[in-house]
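Here the structure is laid out as structure tokens; the discussion comes afterwards.
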Amino acid sequence: MSSLSEVNLKQQEAIRAVQGPVMVIAGPGSGKTRVLTFRIAHLVTIGVPAYQILALTFTNKAANEMKERITHLVGDKSRHLWMGTFHSLFARLLRTECEKLGFQKNFSIYDSQDSLGLIKTVMSDLSIPSQQFNPQAIRSRISGAKNQLITPEDYLKSVIDLFEEKTAKVYIEYQKRLKQNNAMDFDDLLLRPIELFTHHNKILLKYQDRFRFILIDEYQDTNRAQYVLIKLLADQYRNICVVGDDAQSIYAFRGADIRNILDFERDYPNAVIVRLEQNYRSTRTILSAADQVIKKNIDQITKDLWTENQEGDKITILACEDDQDEGATIVSRIYEESNKLKLQFKDIAIMYRTNAQSRSLEDALRKNSIPYMIIGGVEFYQRKEVKDVLAYLRLLVNPRDDESFMRIVNVPARGLGDVAVGRLRDFAATKSLTLFEATDHASEVSGLTSKARTSVEALSVMFKKYLRLTSEMSMSELSRALVDEIGILPLLKEEGTVEAMSRWENIQELLSAITEFSELRADATLENFLQEVSLVSDIDTWEETANAVTLLTLHSAKGLEFPIVFIAGLEEGLLPLYSTVVERKELEEERRLYYVGMTRAMKKLYLSYAKVRFRFGEMSYQSPSRFLDEMEGDLVETVVSSRRHVSRDMRSFSLGDRNRDRKDRKKTDAESHYFSDTMPDYENASDVSNQVRAGNIVEHEVFGRGKVLHVSGSGEFLKAVVDFPAAGKKNLMLKYARLKVL
DNA sequence: ATTAGGCGATTTTTT
DNA sequence: ATCGCCTAAT
């Protein structure tokens, strides 16, 4: 492997302490990823077979990047390394072992939305009114209980009020239904392995023996279930290396338990503790400011962060009038910085506490033709039409999945409303059949109209046909055939609106993703595709290569770094966010979140706030965040907005009407091309918006020639759907698209 | 009985 | 943007 001279002494210590428990307390920018990759490379180099190494990361993206670097260091020897998120690796393990728990290998994975759907179903079956008891709240209670390994029975025993009593009832039934549906939610992906290991000692021994070296990244954000799971697995060899920073623990709301890191020494008494305190990322100014802020927290392991980096620029506080002004101010700074430092757009990130804040920022960026990408928000795989098609595929893979059945039974509309479906469900329940099985007995279901019966029968025939075809067709052929048969695409085409076209595109995109998966992956099965899709996070698909400003929440910023960082919305109530802050503990988590944001910045940090902000549909007067007062004055300068932002550059151009569907779509080649480098100058293009009609052949500067399929909207909101042979179908806002009619 | 369409409310963070 | 809820149309 490449020499250890690339790492400092502390890092070397963490890399070389191979046997026994190790905890690395790694300050921001201290080379934590480097330690993990070198440590794994080191293990492999000294002869540890890669399959004996289990490395758990927080995101798939982090895992993939590290895997790549390790391969670079040691080559093919690292091929059988198990590296990934807790959820994806234990899902994989469960695929082979779940039969011992009464599940089938093809189990479905429910995301939060699916899980909420099931909870609503359960509530309605138990006659618990969702008006009175918020299903979302019940779901989060149940998830919380599961993260702390509280069984439904235990939960029931400890109820203290009516709400918890109802929650207990739902919890019991919910778990039962999941099993009936041969499905697991996110929490089960951790709980079921624990169940497996505690009930089947032989299996536990097998995995203990297999995973002799365990590494965990972002240990401060593991929850009770993850802690127990790892404790079980590491119990025999005790070669466990955890890396984390208590100051960056920001997932308590999801059950992350900071005690895991604080109590590590107690759990593993002879642990080697290494502190990485030298920061290689940020200027001295940024590091000092962040340090001053985090020192206000009482709960923490004190650290002595230092850096050899330059002092750098002061931190700039941008005092703005309102949220629009904030966007405009940030944009003008982006221009300034990118000219001054010769930086590219991709070197810049704008962070905020809540996704809702992205809107005004996006508007400002779009107005000024600055390319941007959003991480988070409504993800591609969460879109209704995409979830619908996925539900069909899920049902094919796992016909017991009643939740998916319910999702698609009347999509597209086939005359099966609440009443008909209710009858079918009653029938299935009394006969102990799955809904899919029940469709085979449509004539026995009492109370179905003849129309409904015909529909149910057709559904049954269709499903049986595709079930048969699963063994005959490739996964991509099968998906395409199924999508064709359900006829959803022509329906969307008929609808003709820009929204429908965007749905149409999304479904095409999904089909391409399936094809791509089947061509690129050795383990290409529909099961694996569905599993991967339900476990990808938005950050995983982030493309750093595109030259665009990145917009993201402070939570998604963890583990990333950018030369220039803007943190927007530093206002009391927003950061810290009041709806979360009840007492000191919550305030300290908000402060850690802010700290995570600050420490992402390498060269320059901007903090902005607005005096007035449009929130919850009304103007609200904001005061600057207390966090701004927690840095010493000599590190910061404040600039008060003059509220006159002449957009420096009137080149008007757009990616087509992205209309908040932003990066939900993977980018096409044409768009990537657009993002790269310079933007063409359209200063003098004449306005031809009014001449564009359906059927016209038009020319676009980037996408080339295309045919107009549909025009909608009016005035400045005039939009067109154009089919470009070179780039596919695009929704364009005519105001910006500068089409030439040919 | 079913569907379409309109209306209003909703936005904390996410594997 | 999406969901739940309502009403009118079929």
Side-chain angles (χ1 to χ4, degrees), chain A residues 56-63 84-91 109-113 115-117 120 130-131 134-136 140 143 146-147 185-190 218 221-223 225-226 249-256 351-359 375-379 382-385 387 410-423 447-452 455 495 499 502-503 534-540 552-558 569 573-581 586 589-590 592-594 596-597 613-617 659-662 664:
Chain A
L56 298 152
T57 59
F58 197 72
T59 62
N60 293 298
K61 182 178 152 64
T85 61
F86 270 93
H87 290 88
S88 57
L89 292 187
F90 285 100
I109 296 173
Y110 285 179
D111 65 18
S112 330
Q113 209 187 329
S115 140
L116 184 64
K120 284 178 185 163
S130 54
Q131 302 278 14
N134 180 313
Q136 190 64 258
S140 101
S143 178
K146 290 172 89 166
N147 282 172
D185 65 13
F186 284 161
D187 304 320
D188 284 334
L189 295 177
L190 307 173
E218 309 284 7
D221 285 319
T222 50
N223 62 30
Q226 289 165 325
S249 159
I250 53 173
Y251 281 96
F253 73 94
R254 211 171 77 186
M351 302 174 187
Y352 36 78
R353 176 67 234 262
T354 66
N355 279 311
Q357 287 167 257
S358 74
R359 176 140 219 170
I375 299 178
V378 182
E379 292 170 40
Q382 300 290 324
R383 305 286 300 233
K384 186 187 175 301
E385 62 279 10
K387 287 214 77 163
N410 200 31
V411 177
R414 47 170 74 86
L416 296 172
D418 290 348
V419 178
V421 175
R423 298 256 154 83
L448 279 193
T449 61
S450 69
K451 219 175 101 199
S455 268
E495 213 180 303
E499 290 74 23
S502 147
R503 289 173 189 279
S534 45
L535 297 177
V536 288
S537 71
D538 213 45
I539 193 96
D540 296 332
L552 72 176
T553 62
L554 290 164
H555 280 92
S556 345
K558 188 163 75 162
L574 193 57
L575 183 62
L577 188 75
Y578 281 167
S579 42
T580 68
V581 176
E586 288 82 11
E589 175 140 323
E590 294 289 305
R592 288 193 294 268
L593 191 53
Y594 172 52
V596 166
R613 181 178 295 277
F614 209 68
R615 280 187 85 191
F616 307 115
N659 195 21
R660 291 185 71 74
D661 76 7
R662 337 185 262 207
D664 318 344

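Letters go in sequence order (proteins before strands), and every chain restarts at 1. Values in this document were obtained by computation on a predicted structure and should not be read as measured data.
Straight-line distance from the CD1 atom of A:I250 to the P atom of B:dT14: 9 Å, rounded to whole Å. One can place NE2 of A:H555 at 9 Å from P of B:dT13, the figure rounded to the nearest angstrom. In this entry the distance linking NZ of A:K387 with C1' of C:dT2 reads 13 Å, nearest Å. With rounding to whole Å, A:K451 atom NZ is found 7 Å from B:dT3 atom P. As a whole-Å value, the separation of A:Q357 CD from B:dT10 C1' is 16 Å. The distance from atom CD of A:Q113 to atom P of C:dC3 is 6 Å, rounded to the nearest whole Å. As rounded to whole Å, 16 Å separates atom C1' of B:dT11 from atom CG of A:L575. Rounded to whole Å, atom C1' of B:dT15 lies 15 Å from atom CD1 of A:I375.
With centroids closer than 5.5 Å and planes inclined by less than 30 degrees as the test, A:F186 and the base of B:dT15 fail to qualify as a stacked pair.
Atom CE in A:M351 sits 13.0 Å away from atom CD in A:Q357 (nearest 0.5 Å). Put simply, OG1 on A:T222 and OH on A:Y251 are 13.5 Å apart, with the number rounded to the nearest 0.5 Å. Note that CG of A:L416 is 5.5 Å distant from CG of A:N410, once rounded to the nearest 0.5 Å.
At the phosphate of B:dT15, neither OP1 nor OP2 sits under 4.0 Å from any side-chain N or O atom of A:N223. Residue A:R383 places at least one side-chain N or O under 4.0 Å from the OP1 or OP2 atom of C:dT2. An OP1 or OP2 oxygen of C:dT2 is reached within less than 4.0 angstrom by a side-chain nitrogen or oxygen of A:R503. Contact between the side-chain N/O atoms of A:N60 and the OP1/OP2 oxygens of B:dT15 is not found at any separation under 4.0 Å. A close approach under 4.0 Å does not occur between any side-chain nitrogen or oxygen of A:S556 and OP1 or OP2 of B:dT13. Contact between the side-chain N/O atoms of A:N147 and the OP1/OP2 oxygens of B:dT15 is not found at any separation under 4.0 Å.
Nearest-nucleotide assignment on DNA chain B puts the 5′-proximal partner with A:G415, out of A:G415 and A:L535. When the nearest nucleotides of DNA chain B are assigned to A:V419 and A:F58 by heavy-atom distance, the more 5′-ward of the two goes with A:V419.
A:S88 comes within 4.0 angstrom of no nucleic acid atom, judged by non-hydrogen atoms across all strands. A:D111 comes within contact range of no nucleotide atom at all, as no heavy-atom separation falls under 4.0 Å. Counting non-hydrogen atoms under 4.0 angstrom, A:L189 reaches nothing in the nucleic acid. Using a 4.0 Å heavy-atom criterion, one finds that A:F86 contacts no nucleic acid atom at all. If you check every strand for non-hydrogen atoms under 4.0 Å, A:R592 touches nothing.
Side-chain N or O atoms of A:E589 include one that pairs as donor or acceptor with a backbone N or O of A:A252 at under 3.5 Å. Put simply, the side chain of A:H555 gets close to the backbone of A:I250: a donor and an acceptor are under 3.5 Å apart.
Comparing C:dC3, B:dT14, B:dT12 against the side chain of A:K384 picks out C:dC3 as the nearest. Side-chain proximity of A:K120 to B:dA4, B:dT14, C:dG4: nearest is C:dG4. Checking B:dT13, C:dT2, B:dT2 against every side-chain atom of A:A420, the shortest atom distance belongs to B:dT2. Considering only the side chain of A:Y251, B:dT14 comes nearest among B:dT13, B:dT14, C:dT2.
In plain terms, the two heavy atoms of A:S358 and A:Y352 that are nearest each other are CB-OH, 3.5 Å.
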